[in-house]
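Working notes for the structure below.
Quick note on labels: first sequence line is chain A, next is B, and so on, each numbered from 1.
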2 protein chains.
Amino acid sequence: MTKADEIILDLKQQGHKITEVRTELVKILLESDTPLTIIDLIKKLERKKLKPNKTTVYREVEFLRDLEVIEEVDFGEGKKRYEISNQHHHHVVCVNCKTIKDVSMDKDIDSYSKRIIEKTGFKSIGHTLEFFGLCPVCQ
Amino acid sequence: MTKADEIILDLKQQGHKITEVRTELVKILLESDTPLTIIDLIKKLERKKLKPNKTTVYREVEFLRDLEVIEEVDFGEGKKRYEISNQHHHHVVCVNCKTIKDVSMDKDIDSYSKRIIEKTGFKSIGHTLEFFGLCPVCQ
DNA sequence: TTCGATGCAAAGGATTTGCAGATGC
DNA sequence: GCATCTGCAAATCCTTTGCATCGAA
């Protein structure tokens, strides 16, 4: 059983309907090594002969995000990107060619969170951390 | 000489024109303890009896950002916020009441940057780091 | 059958652009 | 006077909403 099958089965067992767009979106996001925009997703669906309305895709990513199957990331581009909820990680984005690589380094960030809780009195803290620079090719 | 005067004088010496909107925007951003949206800025200008067009404000923040007088921050709200370029820092945002507090912790992030450079081959790395949680009042 | 998924059109909000006119220096 | 700032209208881009219909289970 593939990871995609697992996720879809899980959704089904939670009582959600399984549609072709839903299934393919999960597969596309599993196969992508970079967070995708709504437009990216639509283009990839079209290559699979699916032509859902843009609204449907917006609603579908909202659905998958609410169930924590995928995560929303924002690099300050004025649009959102989506990726499968893997082990929590961050990204390095090339400011020139927009290449995105994953980076993980959470233990340390967690220790920050604790310090922030102490200092500010905030609770149940999440965070976003993104790095920007020039990739080896663009330097 | 106030900080605002310093900034304005500096702009003038760089050969830029000084307008009332420009001057007041710098003052407003210096006085704010939280990053402001375009709409926030317009409202604050109106309290000072200035009614610039929204486009003007967009162009003005672009101007000030390009000169690194102010910085753009993005909390994934679908709109940008602006704050005076102070010592580099981060924010804790209350997901409920949207209260924003500053946090600084850069030495550690810098050590991350170094690790990222080593691991990924990226260069001249900047970053964004924002924390989200519930402020003491909203808990 | 039923509830959720879908399409379509329209609206909403943030941001950008083109161009003519006004203004700082 | 000239470069730049400004206003206004329009356009663009991303996202959301309302409503009628369709389809998975």
| Using a cut-off of 4.0 Å between protein heavy atoms and nucleotide atoms, how would you tag nucleotides 5-15 of chain C 5' to 3' with B, S and -? | SBBBB----SB
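Residue A/Q13 contributes atom CD, which lies 15 Å from atom C1' of D/dA25 at whole-angstrom precision. Atoms CD (A/E72) and P (D/dC14) sit 15 Å apart, rounded to a whole Å. Distance CG (B/L41) to C1' (D/dT6): 17 Å, rounded to an integer number of Å. With rounding to whole Å, B/E77 atom CD is found 19 Å from D/dC14 atom P. Rounded to an integer number of Å, the gap from A/L11 CG to D/dA25 P is 12 Å. Atom CG in B/L45 sits roughly 11 Å away from atom P in D/dT6 (whole-Å rounding).
Using modelled atom types, no side-chain atom of A/H90 and backbone atom of A/S104 make a donor-acceptor pair closer than 3.5 Å.
Pairs passing the side-chain hydrogen bond (donor to acceptor under 3.5 Å, both in side chains) check and including a residue from residues 68-78 of chain B, sequence neighbours excluded, read B/R65-B/E72, B/E72-B/Y82, B/E77-B/R81.
Using modelled atom types, one finds a donor on one side chain and an acceptor on the other under 3.5 Å when comparing A/D40 with A/T37.
Summarising the local packing, NZ of B/K49 is surrounded by 12 or fewer heavy atoms from other residues, nucleotides or ligands at distances under 6.0 Å. Within a 6.0 Å radius of NZ in B/K48, other residues, nucleotides and ligands contribute more than 12 heavy atoms.
Salt-bridge formation is detected for the pair B/K27/B/E24: a Lys NZ or Arg NE/NH1/NH2 atom is positioned less than 4.0 Å from an Asp or Glu carboxylate oxygen.
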